[in-house]
Amino acid sequence: MEFYSLASLCERVSSVTKRNVKVGMVADFLRQLEPGEIEPAVSMILGRVFPRWDQRELDVSWISLINIVRRLSGVSKDHFLKIFKDEGDVGETVERIFRTCRIKRQSVLFEKPLTIMEVRRILESVAESSGHGSRERKERLIEALLGRANPLEAKYITKIIIGEMRTGFQEGLMEAAVSKAFNLPLELVQRASLLTGDVAEVAAICRLEGEDALSRINLKVFKPVKPMLAQMASSLEEAIKEHGGRSALEYKLDGARIQIHKSRDKVRIFSRRLTDVTVSLPEISQMIRGNVKAGECILEGEVIAVGADDHPLPFQHLMRRFRRVSDVEDMMREIPIKLYLFDILYVDGESMIDQPYIKRRERLRRVAGRIPLTDQIVTDSLREAERFFKEAIDLGHEGVVVKRLDSPYTPGVRGKHWFKIKEVLEPLDLVIVAAEYGYGRRHGLLSDYYLAARDEDTGRFMIVGKTFKGLTDREIIEMTKRLREISIGEEGNRVYVQPKIVVEVAYNEIQRSPKYECGMALRFARITRIRDDKSVDEADTIQKVRGIFEEQFKKKSRYD
Ligand code: AMP
């Protein structure tokens, strides 16, 4: 099938609003594909180059993409950014450039239309290119690909590379389309999609093998399952409220997640990325064999490295354990590890993932023998939750995971059933020194802010972070006006402003980073208030930021 058909489909899908019409269009399209084209096409329609759990990544930056388009079209960087400012979407920008400029075409040899499979294969080569000179190789491959594309194809190739389709066609609708296309029950498709974590793989199974194979998809010992993930929440209150007022809280151990599969005496251990790490962790296998009260099961837990008196050691120690495949015995002595279990997915022929968390936990306790479970409380009291959180931090853990009591185990999904909450540091008062225009809904609005702290010694403002989070739509409109009034110059998409506006900024961590001149960067920065009551002289200093950074570092290695 030609790639142009896929691009036109996406165009049509984004032009209609009714969900069932979108689903119908995609279902018709899926029916016309060859079996081998199904998975690549479904992935691409969802804005992915590969199936969800494929670990390959393109690793192509925005800047590279802009450079490629500029080389092909001859447009200047400013011109590109001007169009981007108008359109607010990279895909649309590329399409417009392709329509209005003379594109350097590949030789006539390549004038055959692009097919879905060719696009996939070229992007595979991009992902697989690594090591010295790989950036140039990747750019050359994409340049050759776009050099053969017409404007609409170029638009969607760009969107797929960036991973943002904006056609309003999400995973849930794709499940409906797959069910309709192959005339299979929706619940079955949804279940398989949950178990495999990828609707594209499921679509291919539907087309190739049909209902029987679909209903046979189940958890199987020694076939690792994508782990359920946790979303970041900024407060315990928010997390517990989202769970209807009562949650389970557990220490968030700063270790590595493992998935343990056991059948009789055979044990295999998989890392979070589903790599087999069994040989590096012999004591875990032994512990499972000696304790677990089930013939077959799949368990999950966190391993941490521990020092004297069982205190957790920093993460890097543990990673040395995971990488080691020879002389493991020495390593076992040097870096002892401890396992805490927190979930059970399968036991003796019975899948547990549809059971509520609280039930799984009970079952886990019965199966685990003497292996400890993560420390847990179940509470509806914010005070109690806060006490537990503080206890976790004082013991050297990262924070807590807040789990919904009635939630199933959703493989591969980062949702609101599990929230992770890490230590919140006191907010900083920082000064906006530049801002960038956003895109999509924030097109034309200065909505991405550079935040700076004052250097007491030189009086200069040093950037420590950037954020587009925290302000309401109305505040962004107001802020855009104010920033334009104090603008001191523009460069592409960015407006530099006089340091006049102070904002309060919350963040999770200060990282070492080469991105800014000060060598540090705030992680997960978000504006919590506009501090018009504060003058710029009262804003926090770079010396204070550095102090917090160093303090945090000391704390991290306090059990070193
Ligand atoms: P993050 O890696 O920041 O997305 O946080 C989620 C990770 O926290 C999980 O993948 C686990 O490795 C880890 N974790 C630590 N303690 C727990 C716990 N009690 N329950 C679930 N996950 C935990």
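No experiment lies behind these values; they were computed from the predicted model shown. Order of appearance sets the numbers: ligands from 1, and atoms from 1 within every ligand.
- At a heavy-atom cutoff of 4.0 Å, ligand 1 is contacted by the backbone of Tyr251 but not by its side chain.
- With respect to the salt-bridge test (charged N to carboxylate O, under 4.0 angstrom), the residues Lys252 and Asp254 do not qualify.
- Within the 4.5 Å cutoff, the side chain of Glu296 has heavy atoms near those of the Val221 side chain.
- Cation-pi contact between Lys266 and Phe222: present, with separation from the ring centre below 6.0 Å and deviation from the ring axis of at most 45°.
- When Leu253, Leu229, Leu373 are checked for heavy-atom proximity to atom 15 (C) of ligand 1, Leu253 turns out nearest.
- His397 is not listed as a side-chain neighbour of Ile393, based on a closest heavy-atom distance of 4.5 Å or more.
- The single protein non-hydrogen atom nearest to atom 22 (N) of ligand 1 is Phe342 CZ, 3.5 Å, given as residue, atom name and distance.
- Interface of Arg414 with ligand 1, defined as ligand atoms under 4.0 Å from a residue heavy atom, comprises 4 (O).
- Taking every heavy atom of Val401 and a limit of under 4.0 angstrom, the matching atoms of ligand 1 come to 17 (C), 18 (C), 20 (N), 23 (C).
- If you look at Tyr340 and Tyr251, their ring centroids are not closer than 6.0 Å.
- Atom CD of Glu238 has more than 12 neighbouring heavy atoms from other residues, nucleotides or ligands inside a 6.0 Å radius.
- Between Ala230 and ligand 1, not a single N/O pair is under 3.5 Å apart.
- Summarising the contacts of atom 20 (N) of ligand 1 with Lys403, Gln376, Glu302, the nearest heavy atom is found in Lys403.
- Within the set Arg272, Met232, Lys420, Arg257, the minimum heavy-atom distance to atom 2 (O) of ligand 1 is found for Arg272.
- More than 12 heavy-atom neighbours from other residues, nucleotides or ligands sit within 6.0 angstrom of NZ on Lys420.
- For atom 19 (N) of ligand 1, the closest non-hydrogen atom on the protein side is Glu250 OE1, 2.9 Å.
- Looking at ligand 1, you'll find an N or O of Lys252 within less than 3.5 Å of one of its N or O atoms.
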